[in-house]
Enquirer: 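The structure's right below; bear with me while I get my questions together.
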Amino acid sequence: MKIEARFVTSAASASDLPRDGLAEIGLVGRSNVGKSSLLNALVRQKLARTSGEPGKTRLANVYRIARGSASPIYLVDLPGYGYARRSRQDRQGQATVDPAFDEIAKAVFARHPAALLLVDVRHPGLESDQAAWQWIVAEAAGAAIVATKIDKLARGERIRAMRQLESVYEVPVLPVSAATGEGMDELWNLIDKLANPAHRNNSSLPHPNRTALPAPSKVEGPKK
Ligand code: GDP
């Protein structure tokens with residue numbers, strides 16, 4: 001199937017984000033989780049920069065993706081979180097998400113996009129990932145979890161890690177590998193589900209329903 005993908009903008013604040021009302025899916029994950037690689041594997045071109053300086057960018061990179069005859073969508077690649085010093089600070093206090101992540105992510109999530117949380121399959125149940133998931137569940141129109149770098153685990157380890165992930169998050173988790181292409185068709189299906197019915201950018205609407213996927217409602221929302 002033909003995929004047209006292009007970089008739109010690096011957004012620093014709400015005013016930089018697109019205004020044409022296409023469905024948006026936020027990509028959330030720790031620095032180095034493999035977000036850029038996954039994006040490139042999905043669209044089968046080198047769209048996003050991989051292995052840059054992790055944790056440094058505070059911008060959301062917006063990509064416009066049109067696949068086959070489906071309506072175009074925006075994939076909004078949010079800054080990675082939970083890196084180095086900030087992770088240590090997190091452990092002292094609440095399980096909060098990196099404030100740098102919070103800032104632009106809040107602007108993006110105020111539009112009630114759908115969201116994908118990427119977690120490294122080798123590190124299931126990290127505090128920072130769980131905090132991000134709680135936040136996503138409270139803010140996003142629909143959400144799902146993707147386990148990256150599945151090729152790095154042998155079969156037995158993989159089964160164990162996937163079980164652990166699904167037990168921590170209590171929702172189905174999709175295993176993928178940007179390296180081998182495993183899970184890309186399933187990921188497109190997931191993206192289609194999240195994008196349709198389209199979540200329009202109208203913050204005056206009541207809180208959007210979350211029926212796109214098995215409700216992640218067992219997870220408590222963050223303290224406001
Ligand atoms: P980002 O910081 O989340 O955008 O992560 P990157 O996409 O830059 O990937 C971080 C590192 O993990 C790089 O060295 C990638 O080559 C590696 N990586 C990413 N995805 C995969 C994968 O599916 N399999 C393997 N084996 N390595 C991966």
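Here the structure is a predicted model, which is why all the values come from computation and not from measurement. Indexing begins at 1, ligand by ligand and atom by atom, following the structure's order.
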Enquirer: Kindly list each side-chain donor-acceptor pair under 3.5 angstrom involving residues 142-153, sequence neighbours excluded, with atom names and distances?
Expert:
unit_1	atom_1	unit_2	atom_2	d
T148	OG1	V33	O	2.7
T148	OG1	V119	O	3.3
K149	NZ	N32	O	2.8
D151	OD1	S177	OG	2.8

Enquirer: Side chain to side chain donor-acceptor pair (under 3.5 Å): which pairs involve residues 3-14, sequence neighbours left out?
Expert: K2-E4, S10-N61, S13-S15
Enquirer: So, 4.0 Å and heavy atoms of S177: is ligand 1 close enough to count as a contact?
Expert: yes
Enquirer: Which option, R30, K149, K35, owns the non-hydrogen atom nearest atom 12 (O) of ligand 1?
Expert: K149
Enquirer: For ligand 1, which atoms, with element, lie under 4.0 Å from some heavy atom of S37?
Expert: 6 (P), 7 (O), 9 (O), 15 (C), 19 (C), 20 (N)
Enquirer: Which heavy-atom pair separates A132 from V28 by the least distance, and what is that distance?
Expert: CB-CG1, 4.4 Å
Enquirer: Does some side-chain heavy atom of L27 sit less than 4.5 Å from a side-chain heavy atom of Y63?
Expert: no
Enquirer: Of the listed options (L38, V176, D151), which comes nearest to atom 22 (C) of ligand 1 when hydrogens are ignored and any heavy atom counts?
Expert: D151
Enquirer: With a 4.0 Å heavy-atom cut-off (strictly under), which part of N32 contacts ligand 1: side chain, backbone, both or neither?
Expert: both
Enquirer: Rounded to the nearest 0.5 Å, what separation is found between the CG atom of L17 and the OH atom of Y74?
Expert: 10.0 Å
Enquirer: Within a distance under 4.0 Å of any heavy atom of G34, pick out the atoms of ligand 1 and give their elements.
Expert: 1 (P), 3 (O), 5 (O), 6 (P), 7 (O), 9 (O), 19 (C)
